[in-house]
Protein chains: 2
Amino acid sequence: MTTIADVANLAGLSRATVSRVINNHPNVSEEKKRLVREAMDRLNYVPNSSAQKLRSQKTDTIAILVPVLTNPFFAYLLEAMDEVATENNLQLLVCQTRYDKEKEHNYLKLLMTKQVDGLILTSCENDWNSLAEYAKYGPMILCNESSEQVPVPAVRLDHEKAAFDACCHLIEQGCRRIAFTYGDTVSSVTLGREAGYKSALSHHGIPLCEDLLVSQVYNLEDGRKAFNYFTSLKERPDGIFTGSDQVATGIIMEAKANNINIPDDLAIIGFDDQPIATVVEPALTTIRQPIKEMGKKAMEMLIEAIGQKETLTYQEILLPYELMIRDSSKFKIN
Amino acid sequence: MTTIADVANLAGLSRATVSRVINNHPNVSEEKKRLVREAMDRLNYVPNSSAQKLRSQKTDTIAILVPVLTNPFFAYLLEAMDEVATENNLQLLVCQTRYDKEKEHNYLKLLMTKQVDGLILTSCENDWNSLAEYAKYGPMILCNESSEQVPVPAVRLDHEKAAFDACCHLIEQGCRRIAFTYGDTVSSVTLGREAGYKSALSHHGIPLCEDLLVSQVYNLEDGRKAFNYFTSLKERPDGIFTGSDQVATGIIMEAKANNINIPDDLAIIGFDDQPIATVVEPALTTIRQPIKEMGKKAMEMLIEAIGQKETLTYQEILLPYELMIRDSSKFKIN
DNA sequence: GCCAATAATGTAATCGATTTCAGCAATCGC
DNA sequence: GCGATTGCTGAAATCGATTACATTATTGGC
């Protein structure tokens with residue numbers, strides 16, 4: 001392996017000068033610059049980045065924690081973050097937690113071990129206290145999730161309000177037994193949506209029925225299962241607010257396979273407005289999140305935080321959402 | 001920041017001993033182990049990984065180059081790789097090239113700068129020669145793509161044969177003017193599929209028509225555009241073999257919006273058998289790739305290559321595929 | 001023409017770990 | 001009871017860069 005010393009020798013200069021050329025320091029004569037460049041070319045030299053990181057105490061790498069990449073919501077979020085990151089010459093370390101506490105813990109340690117300059121959390125399995133612990137070691141931003149208990153800024157949308165709107169829409173369309181499916185029990189996203197769901201019900205004087213709340217529902221396949229669970233109930237729901245377009249799509253497909261009419265027998269609302277929402281038939285009513293802006297904003301905030309070196313505080317940036325009303329929830333009245 | 005020296009001081013031992021405890025070396029007495037562990041706990045010590053990497057000359061990190069994460073094919077591939085990687089205590093550096101030559105170059109440099117122990121390429125923008133150049137610096141595996149010109153093993157399926165089968169199927173269903181959409185022009189995937197497409201046509205004595213070959217078609221939206229291009233032709237195709245389920249879905253949706261009957265007016269075949277293939281109506285005929293096995297296999301081979309330190313050679317592992325016949329291509333006859 | 005300021009370069013310390021080597025103590029075999 | 005082996009520990013070199021400081025050469029002002 002060729003090192004900076006080899007280059008210095010070949011160029012007949014000191015390592016310091018070579019380093020200055022690498023880092024574009026001023027005060028290096030053109031003549032020596034040329035010599036160094038030639039030597040670097042001839043030796044096919046590339047600086048060892050572990051050494052650079054160790055010495056300079058920064059990594060130019062940012063960790064993004066996502067539960068899974070196969071959920072398009074997170075894929076699009078990552079894409080947006082990646083855009084901003086590469087513009088700023090930062091690398092992205094993509095970490096899939098798979099909704100696993102321990103995996104998440106391990107990835108959070110990246111901040112402690114100085115393997116990354118900062119970290120963005122898009123979902124959270126561990127409790128907020130332990131998160132706050134990690135936040136001491138380096139800048140961190142919450143994106144999608146949020147908690148007042150953590151001294152960390154958050155970029156997200158108002159899931160409570162969004163869920164409230166979605167459920168009110170179902171009620172206005174005539175639904176009276178509304179189910180709610182979600183993924184994680186501890187996530188702030190879930191808690192917000194659940195609160196919105198419940199307040200919409202009580203706001204319209206509809207009693208809450210625990211049978212209609214289903215957790216651990218993440219993807220298309222889970223959606224199918226959820227549908228079958230609901231049809232197994234004595235009193236079936238006539239509307240479902242799901243936490244994801246994938247789930248909603250799974251429900252619709254299984255409903256069709258079972259000759260249940262959507263939306264007349266069962267109205268469905270998804271979340272995210274992913275491409276699949278307009279592919280499935282009937283097209284899915286859903287809540288559009290400004291994913292791109294969310295990812296960009298989170299990354300921008302992190303970059304600023306890294307630059308400033310000040311300790312972060314709790315702060316929330318709420319982004320707008322939009323209820324996209326499509327056929328899966330329409331004309332339930334009459 | 002607390003270092004190994006701080007721990008050594010507090011424990012009243014040398015740095016060497018602390019290091020041994022960290023790395024689970026034998027020949028450290030239980031007594032000292034305890035002392036070290038206590039000191040580490042008390043100081044909240046975590047080893048600095050840049051220092052570890054520099055000294056040990058390995059990173060336990062693997063770079064995966066994908067064009068985009070929003071294409072589910074790559075998302076699922078990554079998921080499979082991630083599974084094997086985490087089992088082996090390896091980190092994944094996910095790199096999105098966005099079909100950009102320069103970005104790809106930069107990511108390939110990770111191998112030279114020793115930022116990663118190995119690298120998997122799932123698509124390739126640059127020419128094979130320059131790739132071979134990078135391959136000198138560390139182990140590399142091609143996954144999905146392949147080329148005899150690069151001394152690197154490849155895991156993929158036989159795209160030529162798959163495309164041949166797909167097109168023969170269209171022909172058997174009665175299609176006579178078959179279009180072909182693909183993404184990149186230089187990719188080996190495309191070249192293989194194109195060859196299969198052409199040989200299927202000539203095998204059945206169907207003339208090739210350049211109008212029916214369309215490139216730079218990647219996603220749902222591109223699929224819609226492609227459809228509109230095809231309908232603008234004087235002689236429209238009666239069957240389309242696309243390079244991706246996303247594209248095929250876009251075509252189907254736009255066709256429906258234009259009252260074109262699928263498959264009677266236009267038969268469609270996708271590629272990958274992504275979830276969306278069974279969501280769209282009519283369900284999409286497509287070629288199922290064993291994505292999970294492909295990702296796992298590629299990662300396993302890379303891990304082995306990293307262990308062995310031998311120079312790699314050209315080698316191909318072909319995985320089986322399956323033509324999933326669904327409604328988008330059925331019953332064209334009569 | 002002299003002194004101060006500035007530019008260009010080198011020396012050596014440093015980042016935080018791992019690992020070789022050597023030293024010492026304890027154990028073993030006979 | 002003595003030499004050989006084994007187990008445990010520390011001193012110091014090392015990985016490959018960056019950078020504070022020192023040194024020398026050059027320029028500028030008056």
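Lettering of chains follows the sequences in order, A, B, ..., and the numbering in each one begins at 1.
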Inset, instruction - Enter the distance from B/Gln115:CD to A/Gln52:CD here, rounded to the nearest 0.5 Å. - result: 8.0 Å
Inset, instruction - For A/Ile120 and A/Cys143, work out which heavy atoms get closest and say how close. - result: CG2-CB, 3.8 Å
Inset, instruction - Provide the closest heavy-atom pair for A/Leu69 versus A/Ala75 in the form atom of the first, atom of the second, distance. - result: O-CB, 3.8 Å
Length of the line joining [X]:[atom1] and [N]:[atom2], which is rounded to integer Å:
X	N	atom1	atom2	value
A/Leu13	C/dT11	CG	P	11 Å
B/Asn24	C/dT19	CG	C1'	16 Å
A/Lys53	D/dC15	NZ	C1'	15 Å
A/Leu54	D/dC15	CG	C1'	9 Å
A/Lys33	C/dT9	NZ	P	10 Å
A/Ile4	C/dG10	CD1	P	12 Å
B/Asn23	C/dA17	CG	P	11 Å
B/Lys32	D/dT9	NZ	P	5 Å

Inset, instruction - For a side-chain contact (heavy atoms from CB on, under 4.5 Å) with A/Val36, tell me which candidate from A/Met40, A/Glu38, A/Arg34, A/Lys33 qualifies. - result: A/Met40
Legend entry - Pairwise side-chain contact, B/Asn71 with B/Asn219, heavy-atom cut-off 4.5 Å (strictly under): no
Inset, instruction - For the residue pair B/Ile291 and B/Phe73, establish whether any side-chain heavy-atom pair is separated by less than 4.5 Å. - result: yes
[X], nearest nucleotide to its side chain (from [options]):
X	options	answer
B/Ser29	D/dT9, C/dT18, D/dT18	D/dT9
A/Thr3	C/dA17, C/dT9, D/dG16	D/dG16
A/Arg55	C/dG16, D/dA11, C/dC15	C/dC15
B/Arg20	D/dT19, C/dG16, C/dC21	C/dC21
A/Asn27	D/dG7, D/dA13, C/dA8	C/dA8
B/Asn48	C/dA17, D/dT9, D/dT18	C/dA17

Inset, instruction - Could you tell me whether the side chain of B/Thr86 and the main chain of B/Asn89 form a donor-acceptor pair under 3.5 Å? - result: no
Legend entry - A/Glu125 side chain to A/Asp100 backbone, donor-acceptor under 3.5 Å: no
Inset, instruction - Using heavy atoms and a sub-4.0 Å distance, could you list which residues of residues 35-47 of chain A are near DNA chain C? By number, please. - result: none
Any side-chain N or O of [X] under 4.0 Å from OP1/OP2 of [N]?
X	N	value
A/Gln57	C/dT14	no
A/Thr17	C/dT9	no
B/Gln52	C/dT18	yes

Inset, instruction - Select base, sugar-phosphate, or nothing to describe what A/Ser56 touches, counting heavy atoms under 4.0 Å on all strands. - result: nothing
